[in-house]
Amino acid sequence: MTILDDFIAINANGIYCKYGDFYLDPQQPVQTAVISHAHADHAISGNKDVYCTQPTREFMHLRYHRSAAQVFNIAAYHQPFMIKDVKLTFVPAGHMLGSAMVLMEYEGASYLYTGDYKIQPDATCEPIEWVNADVLITETTFADPKIIHPDPVEEIKKLNGIKSNILLGAYGLGKSQRLVHMINEYAPQKKVLIHHKIMPINHIYERAGMILGKYQLYGRKMMKMQEEFVYIVPPFTFNSYIRATGVKRLFASGWKNLQVNKEDTLFISDHVDWNDILQAIDMVKPKQIWTLHGNGNYLKAHLGKDILVKLLN
């Protein structure tokens, strides 16, 4: 078994595997794309042949309609498929509904592309599963020893101490559905209102068997009453309501720069932090680690000579 140093490489279109002639989450339209999940920075429109999970296909159709792809090739988790001479298998990534890590096997060596992944519990998506691989190709968005994500349950419980109506900003796909479920479970006296752009995404989740809990479509008259409403809105709406009165403004994210201020924070991340990445290494047991997104230097310094760390970006 030989690990091929050039098994994947980054070019103008994105992450390319020349041995299978396909791209992982391409940034420009390509002939053959393997899509890990449906967030827009990973799933663009205009690709010809797309390989993905069924929920990812539904989200892409919702966003892009006919331009989502020419042909969708749907694979279930743990159902191997071939692209030329490379064997691929989707493994649950725990990031959002339908998200997948991509296990690629070629000439006896295995390469696990994580895409975005999450270890924290989330009742609105398939929990992460682990497989062994010779190479772990991991995102390093928050791969910094100083970044440890707080307990999401404790974060959502902060809402219990806020008696006024709340305007809660969140990404519409993935984060909003997680918040609906968590509010119902840990702040059940709150009445959840949903922006109309988020509603069809909720319906895809529910058709897939995910139980979100109680929520209703936002109505303009509702927020004029103080009944502990939590109105979940996408970022563009949240930013347009910067002068909203009679509400507490919060933005749910793992990014510090998206928090409203230092006092009113809601740190809920859908990415791995430093400890999570170390856990992933323990579980996958790779011989090499290749890093994407963010800064892989902390990981390289931490592991030293124990495991080869290669920065791809």
Side-chain angles (χ1 to χ4, degrees), residues 8-17 20 22-65 67-75 77 81 83 88-104 111-119 122 124-126 128 136-143 170-178 201 204-205 208 234-235 253-255 258 269-272 276-277 280 290-294 296 312-313:
I8 63 167
I10 298 178
N11 62 31
N13 292 328
I15 307 166
Y16 180 59
C17 176
F22 61 82
Y23 283 84
L24 297 162
D25 296 340
Q27 301 300 295
Q28 301 293 330
V30 297
Q31 175 68 45
T32 306
V34 179
I35 306 295
S36 66
H37 68 285
H39 282 145
D41 56 335
H42 290 256
I44 65 165
S45 63
N47 296 302
K48 292 187 177 178
D49 282 312
V50 166
Y51 292 80
C52 65
T53 64
Q54 179 63 26
T56 296
R57 175 186 181 274
E58 291 192 44
F59 295 132
M60 289 182 71
H61 263 302
L62 177 65
R63 182 187 294 122
Y64 300 129
H65 308 292
S67 65
Q70 282 191 16
V71 177
F72 274 101
N73 304 277
I74 304 305
Y77 293 124
F81 58 95
I83 302 181
L88 298 93
T89 309
F90 289 143
V91 181
H95 179 62
M96 59 165 286
L97 180 64
S99 64
M101 298 188 285
V102 184
L103 179 66
M104 298 165 284
Y111 309 78
L112 181 66
Y113 168 72
T114 64
D116 291 342
Y117 62 118
K118 178 171 86 262
I119 296 176
D122 181 351
T124 61
C125 70
E126 307 86 355
I128 192 167
L136 173 63
I137 307 166
T138 180
E139 58 119 326
T140 51
T141 307
F142 294 111
Y171 291 115
L173 176 55
K175 181 82 73 182
S176 292
Q177 293 70 41
R178 187 182 181 195
I201 302 172
I204 292 174
Y205 266 73
S253 173
W255 293 96
L258 293 180
S269 178
D270 292 311
H271 292 261
V272 285
D276 295 335
I277 292 177
W290 300 353
T291 70
L292 289 163
H293 312 299
L312 293 176
N313 55 330

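No hydrogens, no waters, no symmetry mates; every other heavy atom, side chains included, goes into these values. Treat the numbers as computed from the prediction; the structure is a model and nothing was measured.
- No donor-acceptor contact under 3.5 angstrom links the side chains of Y171 and D270, judged on distance only.
- Here Y117 contributes atom OH and T141 contributes atom OG1; the two are 9.0 Å apart, rounded to the nearest 0.5 Å.
- Here the CD-OH distance, from E58 to Y205, works out to 11.5 Å after rounding to the nearest 0.5 Å.
- Checking side-chain atoms of T140 against main-chain N and O of L292 turns up a donor-acceptor pair under 3.5 Å.
- Between atom CZ of residue F59 and atom CG of residue L173 there is a gap of 5.0 Å, rounded to the nearest 0.5 Å.
- Closest approach of S67 to S45, counting heavy atoms only: O-CB, 3.3 Å.
- The heavy-atom pair separating L258 from S253 by the smallest distance is CD1-OG, 3.5 Å.
- The aromatic rings of H37 and H42 sit tilted relative to each other, their planes meeting at an angle between 30° and 60°.
- Across F72 and C52, no two heavy atoms sit closer than the pair CD2-SG, 3.7 Å.
- Side chain of E126 to main chain of A93: no donor-acceptor pair is present (N/O by atom type, distance under 3.5 Å, no hydrogens or angles).
- One distance of note links CG of L97 with CD of Q54; it measures 10.0 Å at 0.5 Å rounding.
- A donor-acceptor pair under 3.5 Å is absent between the side-chain atoms of T32 and the main chain of D49, judged by distance alone.
- In terms of heavy atoms, M60 sits closest to I44 at CE-O, 3.5 Å.
- Under the 3.5 Å distance criterion, the side-chain polar atoms of S269 are left unmatched by any main-chain donor or acceptor of G254.
- One distance of note links CD1 of I137 with CG of L103; it measures 10.0 Å at 0.5 Å rounding.
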Exercise for review: Any chance you could lay out the side chain to side chain donor-acceptor pair (under 3.5 Å) test for Y23 and N11, step after step, and finish with the verdict?
Suggested key: CA-CA 10 Å; Y23 283 84; N11 62 31; 2.9 Å; yes

**Study point:** I128 and M101: CA distance, side-chain angles, deciding distance, side-chain contact (heavy atoms from CB on, under 4.5 Å) verdict
**Key:** CA-CA 9 Å; I128 192 167; M101 298 188 285; 3.9 Å; yes

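- Taking the six-membered ring where the residue is Trp, H39 and H95 present perpendicular rings, their angle passing 60° and hence far from 30°.
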Practice item. Might you work through the side-chain contact (heavy atoms from CB on, under 4.5 Å) test for W290 and I8, ending with a clear yes or no? Key: CA-CA 10 Å; W290 300 353; I8 63 167; 3.8 Å; yes

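- Put simply, the side chain of Y64 gets close to the backbone of A43: a donor and an acceptor are under 3.5 Å apart.
- At least one donor-acceptor pair under 3.5 Å links the side chain of D25 to the backbone N or O of S36.
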Exercise for review: Quick one: do F22 and L88 satisfy side-chain contact (heavy atoms from CB on, under 4.5 Å)? Show the steps, please.
Suggested key: CA-CA 11 Å; F22 61 82; L88 298 93; 3.8 Å; yes

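- Scanning all heavy atoms of the two residues, the minimum distance from T53 to A100 falls at CG2-CB, 4.3 Å.
- Residues N13 and P29 form no side-chain contact, since every pair of their non-hydrogen atoms from C-beta on lies 4.5 Å or further apart.
- Between the side chain of Q27 and the main chain of D41, a donor-acceptor pair closer than 3.5 Å is present.
- Annotation: side chain of C125 is in contact with side chain of K118 (closest heavy-atom distance under 4.5 Å).
- For the atom pair Q31 CD and K48 NZ, the distance stands at 5.0 Å (nearest 0.5 Å).
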Practice item. Test side-chain contact (heavy atoms from CB on, under 4.5 Å) on V102 and F90 and set out the steps. Key: CA-CA 5 Å; V102 184; F90 289 143; 3.9 Å; yes

